[in-house]
Chemist: 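Before we start, here is the structure in question, set down as structure tokens.
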4 protein chains.
Amino acid sequence: MVRYKKSEEKQKMILYAAFQAVSELGFDSVTLQVIADYAKVSKGVVHYYFESKETVLIELLKWLTAKIYKKECASIELEKSAVKKLHAYISSAFVSPEKNRTFYRVYLDFLAKASRNPVYREINQQFYDNCNAIGKEIIQLGQKEGIFDINLSAEQTAPKIRAVIDGYLIQWLMMDRDDLHKFYREACLQTVISMLNNSSFFELRK
Amino acid sequence: MVRYKKSEEKQKMILYAAFQAVSELGFDSVTLQVIADYAKVSKGVVHYYFESKETVLIELLKWLTAKIYKKECASIELEKSAVKKLHAYISSAFVSPEKNRTFYRVYLDFLAKASRNPVYREINQQFYDNCNAIGKEIIQLGQKEGIFDINLSAEQTAPKIRAVIDGYLIQWLMMDRDDLHKFYREACLQTVISMLNNSSFFELRK
Amino acid sequence: MVRYKKSEEKQKMILYAAFQAVSELGFDSVTLQVIADYAKVSKGVVHYYFESKETVLIELLKWLTAKIYKKECASIELEKSAVKKLHAYISSAFVSPEKNRTFYRVYLDFLAKASRNPVYREINQQFYDNCNAIGKEIIQLGQKEGIFDINLSAEQTAPKIRAVIDGYLIQWLMMDRDDLHKFYREACLQTVISMLNNSSFFELRK
Amino acid sequence: MVRYKKSEEKQKMILYAAFQAVSELGFDSVTLQVIADYAKVSKGVVHYYFESKETVLIELLKWLTAKIYKKECASIELEKSAVKKLHAYISSAFVSPEKNRTFYRVYLDFLAKASRNPVYREINQQFYDNCNAIGKEIIQLGQKEGIFDINLSAEQTAPKIRAVIDGYLIQWLMMDRDDLHKFYREACLQTVISMLNNSSFFELRK
DNA sequence: GATGAATGAGTCTTCATTCAT
DNA sequence: GATGAATGAAGACTCATTCAT
């Protein structure tokens with residue numbers, strides 16, 4: 001069957017509607033009817049553009065992680081120094097309470113699914129890989145600049161940055177306090193920087 | 001009363017069955033029939049002990065987080081120094097690939113729900129508070145011992161420890177590689193220690 | 001899952017309701033809701049007793065063909081001579097306009113399905129085999145009695161009897177004229193008898 | 001008009017596509033999309049040439065039975081004697097395993113529908129009438145030739161020929177064995193001949 | 001003439017919940 | 001206390017039909 005042919009635009013529209021719907025209601029509670037309602041189309045249209053509900057969700061997550069990654073890329077590209085790039089990266093991750101809430105709600109549903117389903121895990125792995133590429137770039141630049149510990153393996157350290165970002169953002173989401181968003185962003189930045197600066201210190205004192 | 005006791009035991013049994021079931025299948029896919037099957041009781045029994053499916057899940061998460069917390073408490077109590085307590089705490093959090101997988105799958109489902117539902121959020125907050133109490137105790141002890149940065153607010157820093165632990169464990173879960181479990185535990189420990197040691201450094205260089 | 005345990009009676013009731021429903025509306029138009037309505041139970045009950053709609057239909061056809069066969073068996077057992085048994089067999093097949101209509105409508109749906117689906121074909125083959133056993137018995141008895149052509153292979157001739165019966169009953173059904181039922185029964189009987197008597201004649205004149 | 005002609009051709013094409021589709025999938029499973037796919041046209045075209053799905057099916061069956069009848073007519077016209085015409089008729093009915101399978105699958109679906117729906121029954125009646133005209137012609141010729149029982153009413157006997165043909169072909173279809181096709185054709189021929197030869201015998205011995 | 005996007009009614013199926021035994 | 005039969009609401013999915021282009 002020839003699908004996806006013409007209106008890729010409409011597909012995107014449906015995905016965005018699904019994103020809003022999932023964010024507000026959660027994976028379990030989102031029905032195709034709800035997605036259709038959010039997209040202001042009939043139920044049949046969703047099926048017309050996507051084979052199944054599962055497909056909608058999978059495409060949603062591909063689209064979403066790709067979008068996040070692109071934004072992060074764009075924001076670090078504007079900066080030159082490692083520290084500024086790191087700032088930019090983390091600021092991009094902590095974009096705003098509203099957007100973080102919307103995204104991380106969906107992302108948590110996604111992670112929960114990914115913990116059991118290889119298809120979702122694969123998509124997340126792609127996201128991780130992309131984020132790690134960013135992390136690696138920043139670490140290596142910082143090492144060249146002499147401000148990050150030269151002994152760190154960029155390869156092994158990059159994932160840790162993402163782990164810390166996600167850890168903080170998830171906790172922030174759970175706190176349900178928008179006013180703490182800035183605090184969490186700073187905390188995250190601090191933790192990452194201390195991680196990149198001081199592993200040698202840690203080794204000495206261990 | 002003996003009867004009451006027996007009831008309580010059976011309740012626990014059902015909760016444990018629900019835990020296994022949710023871990024394997026996820027919140028969405030778990031039905032009361034499945035829980036009953038895991039518990040080797042009839043479907044009616046589950047309803048006999050719990051008002052509704054929702055109640056089962058809520059009780060499950062109360063029980064689960066309480067259990068995790070107790071284990072963590074027990075493990076740090078055995079140690080005297082701050083560093084050893086921290087080790088014990090993190091080792092307790094990174095108990096084993098199998099147990100971490102089982103727990104964090106459920107916990108992710110839980111967090112996803114909690115991001116929208118105040119009831120679940122409340123339960124998680126209790127868990128966070130408990131964990132933060134542990135964190136605070138360790139930080140303050142370390143500060144007394146002179147090995148942790150004295151300028152850190154224990155109150156504000158304790159949550160960060162949990163954020164880092166969860167961040168690492170979630171990423172580990174996504175990697176689906178049991179052999180990396182140890183690596184993630186060490187990375188987590190390093191990050192936490194560098195966080196506690198070096199905030200002054202960070203301040204200086206910023 | 002433990003199904004089919006207790007109320008086999010209710011299963012039969014649902015099958016009978018399905019039989020009536022299919023006969024009146026046809027396979028395509030019969031929904032589980034319709035079957036439930038005919039059985040005067042809720043829609044869920046049908047699913048409780050049968051895995052799927054397909055299962056209902058398959059069981060229906062097993063049950064139906066078994067029932068027809070049993071009746072035919074019972075009717076020929078009462079007779080002693082080959083001709084009388086043949087009469088009984090065909091009379092049993094041409095039981096009454098109402099019952100023939102009800103059964104053959106369903107049976108035609110069944111045959112249509114069986115022409116493409118091995119599962120249904122298998123069930124029909126069982127029915128054919130049973131009918132052929134009846135035919136064989138009659139033919140061999142008639143040959144012993146000296147009234148049927150001794151040169152006929154009972155094995156090869158028995159299926160022909162059923163083919164002729166079905167051919168006539170299907171045509172009768174299409175005519176939609178109850179008053180012709182008797183005529184078709186007699187025509188069927190004649191054709192079968194001439195088939196059993198005269199193959200030698202045919203050979204001679206060919 | 002050329003336009004009209006083109007239309008007619010396309011209609012035939014769609015009907016033929018529908019025929020193939022129904023034969024392979026059955027009435028229930030055939031959708032307009034499937035028919036369109038088989039005909040290599042868009043879904044809209046089918047609706048352009050036919051009012052509704054039902055119309056497609058009805059026209060299909062008219063077209064199909066007319067086609068079969070024409071072929072049978074053509075084949076008996078080539079022969080002179082009654083026996084040869086009968087041979088030709090039955091050979092035409094038993095044209096080949098492939099074609100019989102294709103046709104009788106559809107025809108069974110058709111009969112199943114006809115058993116409840118007067119519209120389809122009407123079309124089939126037309127087919128029966130046509131077939132009976134052939135049968136009558138053969139019988140009367142045979143009676144003139146002195147090889148068929150002169151006491152037979154051609155009017156009443158002709159339908160029986162078709163009943164026997166259909167009975168055998170349906171059973172053959174159910175056996176799913178192409179190698180038996182020839183056997184069933186011969187058996188059908190024998191049965192019809194014995195039917196036409198020997199009714200007087202039957203009367204005598206009854 | 002032809003296309004295929006859009007609609008929404010209708011179907012199967014699942015499952016939490018109720019309740020008679 | 002315990003069971004599992006019964007219910008029916010709700011969801012995913014299909015598909016004939018319509019209609020703008």
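Since we're looking at a predicted model, the values are computed, not measured. Residue numbering restarts at 1 for every chain, and letters A, B, ... go by the order of the sequence lines.
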Chemist: With side-chain contact (heavy atoms from CB on, under 4.5 Å) as the criterion, how do C/Lys67 and C/Leu15 come out once you've worked through the C-alpha distance, each side chain's angles and the decisive distance to 0.1 Å?
Modeler: CA-CA 12 Å; C/Lys67 209 175 78 171; C/Leu15 285 182; over 6 Å; no

Chemist: Take atom CZ of C/Phe50 and atom C1' of E/dT14, then tell me their distance rounded to the nearest Å.
Modeler: 18 Å

Chemist: Identify whether the distance between the nearest side-chain nitrogen and carboxylate oxygen of C/Lys62 and C/Glu59 falls below 4.0 Å.
Modeler: yes

Chemist: Rounded to the Å, how far apart are C/Asp37 CG and F/dG8 C1'?
Modeler: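 The distance from CG of C/Asp37 to C1' of F/dG8 comes to 13 Å, rounded to the nearest Å.
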
Chemist: Should E/dT14 form a Watson-Crick or G-U wobble pair with both distances under 3.5 Å, which nucleotide is its partner?
Modeler: F/dA9

Chemist: Would you give a per-nucleotide map of nucleotides 16-21 of chain E, 5' to 3', where B means the base has a protein non-hydrogen atom under 4.0 Å away, S means only the sugar-phosphate does, and - means neither?
Modeler: SBB---

Chemist: Answer whether the closest heavy-atom distance between the side chains of A/Arg121 and B/Asp176 falls below 4.5 Å.
Modeler: yes

Chemist: Compare every heavy atom of A/Met174 with every heavy atom of B/Ala114, then report the nearest pair and how far apart it is.
Modeler: CB-SD, 3.7 Å

Chemist: Under 4.0 Å: is that the gap between some side-chain N or O of B/Tyr49 and OP1 or OP2 of F/dG1?
Modeler: no

Chemist: Please pick, from F/dG8, E/dA6, F/dA2, the nucleotide with the shortest atom-to-atom distance to any side-chain atom of C/Ser42.
Modeler: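 Among F/dG8, E/dA6, F/dA2, the one nearest the side chain of C/Ser42 is F/dG8.
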
Chemist: If we only count heavy atoms from C-beta on, is the D/Ile68 to D/Thr65 side-chain gap below 4.5 Å?
Modeler: no

Chemist: Hey, which sits more toward the 5' end of DNA chain F by its nearest nucleotide, B/Val45 or C/Lys10?
Modeler: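 Checking each residue's closest nucleotide, the 5'-ward one belongs to B/Val45.
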
Chemist: Could C/Asp28 and D/Arg116 be called an ion pair, given the rule that one side-chain N must be under 4.0 Å from one carboxylate O?
Modeler: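 No, this pair does not count.
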
Chemist: Checking base pairs now: Watson-Crick or wobble, both atom distances under 3.5 Å. What partners E/dG8?
Modeler: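 Because both required distances fall under 3.5 Å, E/dG8 counts as paired with F/dC15.
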
Chemist: In whole angstroms, how far is the P atom of F/dA12 from the CD1 atom of A/Ile58?
Modeler: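 Roughly 15 Å, once rounded to whole Å.
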
Chemist: F/dA20 pairs with which nucleotide, Watson-Crick or G-U wobble, both distances below 3.5 Å?
Modeler: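 Per the H-bond distance test, E/dT3.
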
